[in-house]
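All values below come from the heavy atoms of this structure, side chains included, with hydrogens, waters and symmetry mates left out. A note on names: the letters A, B, ... follow the listed sequences, proteins ahead of strands, and every chain is numbered from 1.
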2 protein chains.
Amino acid sequence: MQKENFIDKILNAGLKNTKYRLSIIELLSESKELLTAYNIREELLKKKIKINLSTVYRTVDKLVETKILNRINLENEKNAMYEYNREKHHHFLICENCNKIVPIYSCPIDKYELELEEKSGFQIKGHKIEFYGICEDCQKA
Amino acid sequence: MQKENFIDKILNAGLKNTKYRLSIIELLSESKELLTAYNIREELLKKKIKINLSTVYRTVDKLVETKILNRINLENEKNAMYEYNREKHHHFLICENCNKIVPIYSCPIDKYELELEEKSGFQIKGHKIEFYGICEDCQKA
DNA sequence: GTGTAAATGCGAATGATTCGCATTTGAGCG
DNA sequence: CGCTCAAATGCGAATCATTCGCATTTACAC
Ligand SMILES: [Mn+2]
Ligand SMILES: [Mn+2]
Ligand SMILES: [Zn+2]
Ligand SMILES: [Zn+2]
């Protein structure tokens, strides 16, 4: 059962299993959207789970530290957003008109990073890419 | 003379030529580093130019709008940073240890963006890339 | 020079995130 | 199962970058 799996993740991370941790992980694992701390609070409230906003922040901090969640800071959004870490490297394509956020599961960078390591002397650990444009729906309108 | 050139840019942008605009543009055009609003204020102070922080923000806003400057929001920095717009497409390579920020003037993306347009239906207008790693100096230490 | 909109200074407001501290809770242990 | 203690939580206040309101000053067109 998925829930047991999440509890294992929490415990393996050395964290206590609390209802808030479990419900935030469940929420994000089921969400196709990125959610802000505030959104998370709202969504849990819909499920009759009342949680203090400070606790949301502290909880997602821990879950990001332990790589159960990812924190995403997008150029156009002032609030941090969170997603369940599905362990699949990805980037985002964002509509400048309607702010739709689409994950992209291909990555153009592999070889280039090697070149860059040679040229720069850096040992490269990661990268972040965002693409901006106008989505199909917004082009029509 | 460079200064006349900057005044032209300001006027062509439909802005009034003020000492603050000119000195911020001069400062950033001479800087190899990205500067925050606060940094800009500090640097001008060193040159005996006293400017209110609100004015720094309002000035860089206008200069970004008119594409004389670029605003850069990096993942690890909480404050926005500004650079003179040298009209050369670039990305940044950032040392996770010493926070050194190195601009990279090559771009790995051209073909990939076309593929992405076809696959996604988006009309792509731009992208943002940051690379993270450990710089040569920090690797030694 | 005059007039007027734009620019500036200053202090207050905003808003996301963090912090301090009192209280509660989870998990190991007997 | 009850006990203990660190970790988690709630709540209100603090922080800090950025923005705003408003009174005053300035640039520039006439
Ligand atoms: Mn990638
Ligand atoms: Mn590029
Ligand atoms: Zn759209
Ligand atoms: Zn370094």
Side-chain angles (χ1 to χ4, degrees), chain A residues 3-4 6-27 34-45 48-66 68-82, chain B residues 3-4 6-25 27 34-45 48-66 68-82 99:
Chain A
K3 182 177 290 196
E4 294 308 319
F6 294 148
I7 293 175
D8 282 353
K9 284 199 177 198
I10 293 171
L11 295 177
N12 289 337
L15 302 177
K16 284 188 186 173
N17 173 34
T18 70
K19 63 175 170 174
Y20 295 137
R21 286 187 178 146
L22 188 55
S23 50
I24 287 178
I25 295 174
E26 284 184 320
L27 174 65
L34 302 177
L35 301 180
T36 64
Y38 189 83
N39 293 156
I40 290 171
R41 191 177 128 100
E42 284 178 319
E43 290 303 313
L44 292 185
L45 217 43
K48 311 290 182 207
I49 300 172
K50 188 167 183 305
I51 179 173
N52 190 279
L53 190 55
S54 307
T55 304
V56 176
Y57 276 108
R58 280 184 292 222
T59 303
V60 294
D61 282 356
K62 286 280 190 208
L63 296 177
V64 168
E65 270 175 38
T66 54
I68 295 172
L69 302 183
N70 298 324
R71 177 185 291 113
I72 312 285
N73 284 296
L74 295 178
E75 181 75 15
N76 302 321
E77 307 281 342
K78 63 174 177 311
N79 306 1
M81 307 183 89
Y82 300 88
Chain B
K3 183 178 293 196
E4 294 307 320
F6 293 148
I7 293 175
D8 282 353
K9 284 198 177 199
I10 293 172
L11 295 177
N12 289 337
L15 302 177
K16 285 188 184 174
N17 173 32
T18 70
K19 64 174 170 175
Y20 294 137
R21 285 186 179 149
L22 188 56
S23 51
I24 287 178
I25 295 174
L27 174 66
L34 301 177
L35 301 181
T36 64
Y38 189 85
N39 293 155
I40 289 171
R41 191 176 128 100
E42 284 178 318
E43 290 303 313
L44 292 184
L45 218 43
K48 311 292 183 206
I49 299 172
K50 188 166 183 307
I51 180 173
N52 190 280
L53 190 55
S54 307
T55 304
V56 176
Y57 276 108
R58 279 185 292 223
T59 303
V60 294
D61 281 355
K62 286 281 190 207
L63 296 177
V64 168
E65 269 175 38
T66 55
I68 295 170
L69 302 182
N70 299 324
R71 178 185 291 113
I72 312 287
N73 285 296
L74 296 178
E75 181 75 16
N76 301 321
E77 307 281 341
K78 66 173 175 311
N79 305 1
M81 308 183 88
Y82 299 88
N99 296 312

What integer distance in Å separates [X]:[atom1] from [N]:[atom2]?
X	N	atom1	atom2	value
B:Leu53	C:dA7	CG	P	18 Å
A:Ile51	D:dC11	CD1	C1'	14 Å
A:Asn73	C:dA16	CG	C1'	11 Å
A:Tyr57	C:dA16	OH	P	7 Å
B:Leu44	C:dT8	CG	P	12 Å
B:Leu63	C:dA6	CG	P	16 Å
A:Asn52	C:dG20	CG	C1'	14 Å
A:Asn17	D:dA6	CG	C1'	16 Å

[X] side chain N/O closer than 4.0 Å to the phosphate oxygens (OP1, OP2) of [N]?
X	N	result
A:Tyr20	D:dG10	yes
A:Thr18	D:dT9	yes
B:Thr59	C:dT8	yes

Pairwise 5' ranking along DNA chain C for B:Lys16 and B:Lys19, keeping only the more 5' one: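 So the residue in question is B:Lys16.
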Hey, is the main chain of B:Thr59 close enough, under 3.5 Å, to the side chain of B:Arg21 for a donor-acceptor pair?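 Between the backbone of B:Thr59 and the side chain of B:Arg21 there is no qualifying donor-acceptor contact (under 3.5 Å).
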Would you find a donor on one side and an acceptor on the other, under 3.5 Å apart, between the side chain of B:Asn39 and the backbone of B:Thr36?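 Yes: the side chain of B:Asn39 pairs with the backbone of B:Thr36.
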Determine whether A:Asn79 and A:Tyr38 make a side-chain contact, defined as any pair of heavy atoms from C-beta on separated by less than 4.5 Å. no
Heavy-atom distance under 4.5 Å between the side chains of A:Val56 and A:Tyr20, does that happen here?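 With C-beta onward as the side chain, the pair stays apart.
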Under 4.0 Å, counting only non-hydrogen atoms across every strand here, what does A:Ala37 touch: a base, just sugar-phosphate, or nothing? nothing
Could you tell me whether A:Leu11 contacts a base, only the sugar-phosphate backbone, or nothing, with contacts defined as non-hydrogen atoms closer than 4.0 Å? sugar-phosphate
If you check the B:Ser54 side chain, which of C:dC10, D:dT18, C:dC19 turns out closest?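 Comparing C:dC10, D:dT18, C:dC19 against the side chain of B:Ser54, the answer is C:dC10.
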By nearest heavy atom, map B:Arg58 and B:Ala80 onto DNA chain D; which one lands nearer the 5' end? B:Ala80
Could you say whether B:Thr36 or A:Leu15 is positioned toward the 5' end of DNA chain D, judged by the nucleotide with the nearest heavy atom to each?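 Checking each residue's closest nucleotide, the 5'-ward one belongs to A:Leu15.
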Look at the side chain of B:Arg41 and the base of C:dG9, then say whether one donor and one acceptor between them are separated by less than 3.5 Å. no
Look at the side chain of A:Arg21 against the base of C:dG26 and say whether a donor-acceptor pair falls under 3.5 Å; ignore hydrogens and angles. no
Tell me whether the count of non-hydrogen atoms from other residues, nucleotides or ligands lying under 6.0 Å of NZ in A:Lys9 goes above 12. yes
